[in-house]
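What you see below is based on every heavy atom in this structure, not just the backbone, and it leaves out hydrogens, waters and symmetry mates.
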Amino acid sequence: MNNKIKSKIYELIETIDDKNILAQVMKDVNFYVDQLDITDELSSGQLKELDLAIAEANDKQTIDWNKFKRELDEWKSR
């Protein structure tokens, strides 16, 4: 699969003659290549917590932003 995707990218780049467009493509690709996946640095316990938080959010087990701010303010005042 990766080789297919790479081939398509190479083909696309080969069709671009505009120097400015190529420079922008290079800049955009470098941005994504240089990005680290934050989950790579998480422990297995942290990954489990993240999965649980995502599942809760998907199940709409969340509170709205204003309620969160009120609860945070209450906690700070204790």
Side-chain angles (χ1 to χ4, degrees):
M1 183 66 172
N2 281 346
N3 288 336
K4 254 185 167 176
I5 294 170
K6 286 179 182 180
S7 292
K8 289 185 183 246
I9 292 171
Y10 294 142
E11 288 174 23
L12 177 63
I13 291 172
E14 285 297 319
T15 64
I16 301 172
D17 291 326
D18 187 308
K19 178 180 169 182
N20 294 325
I21 293 174
L22 286 171
Q24 184 63 48
V25 169
M26 181 67 169
K27 181 179 174 185
D28 293 343
V29 169
N30 275 335
F31 172 80
Y32 290 104
V33 169
D34 291 341
Q35 296 296 310
L36 295 176
D37 186 345
I38 191 170
T39 61
D40 290 342
E41 298 177 8
L42 297 178
S43 69
S44 61
Q46 290 170 315
L47 288 171
K48 287 178 186 175
E49 287 181 35
L50 180 59
D51 287 339
L52 177 60
I54 291 169
E56 288 173 351
N58 287 341
D59 291 338
K60 307 281 191 251
Q61 298 175 19
T62 60
I63 60 173
D64 69 28
W65 179 245
N66 290 326
K67 183 175 180 180
F68 170 77
K69 289 192 303 184
R70 281 192 308 273
E71 290 181 8
L72 186 60
D73 288 340
E74 288 174 17
W75 177 79
K76 286 180 184 178
S77 65
R78 291 184 191 172

Q. Taking all atoms of both residues into account, what is the closest heavy-atom pair of Glu41 and Gln46, and its distance?
A. O-OE1, 4.3 Å

Q: Output the rest of the hydrophobic cluster of Leu47: all Ile, Leu, Val, Met, Phe, Trp and Tyr residues reachable through side-chain heavy-atom contacts under 4.5 Å, sorted by chain and number.
A: Leu42, Leu50, Ile54

Q. Got more than 12 heavy atoms from elsewhere within 6.0 Å of CD1, Ile38?
A. no

Suppose we screen for side chain to side chain donor-acceptor pair (under 3.5 Å). Which residues come up paired with [X], at least two apart in sequence or across chains?
X: Ser7; answer: none
X: Glu49; answer: none
X: Gln24; answer: Asp28

Q) If two hydrophobic side chains count as joined below 4.5 Å and joins carry through other members, does Tyr32 share a cluster with Ile5? A) no

Please set out all donor-acceptor pairs under 3.5 angstrom arising from side-chain atoms of residues 63-71, sequence neighbours excluded.
residue: Asp64; atom: OD1; partner: Asn66; partner atom: N; Å: 3.3
residue: Asp64; atom: OD1; partner: Lys67; partner atom: N; Å: 2.7

If you look only at distance, which donor and acceptor atoms sit under 3.5 Å apart when one is on a side chain in residues 8-20 and the other is two or more places apart or in another chain?
residue: Thr15; atom: OG1; partner: Leu12; partner atom: O; Å: 2.6
residue: Asp18; atom: OD1; partner: Asn20; partner atom: N; Å: 2.7
residue: Asp18; atom: OD1; partner: Ile21; partner atom: N; Å: 3.1

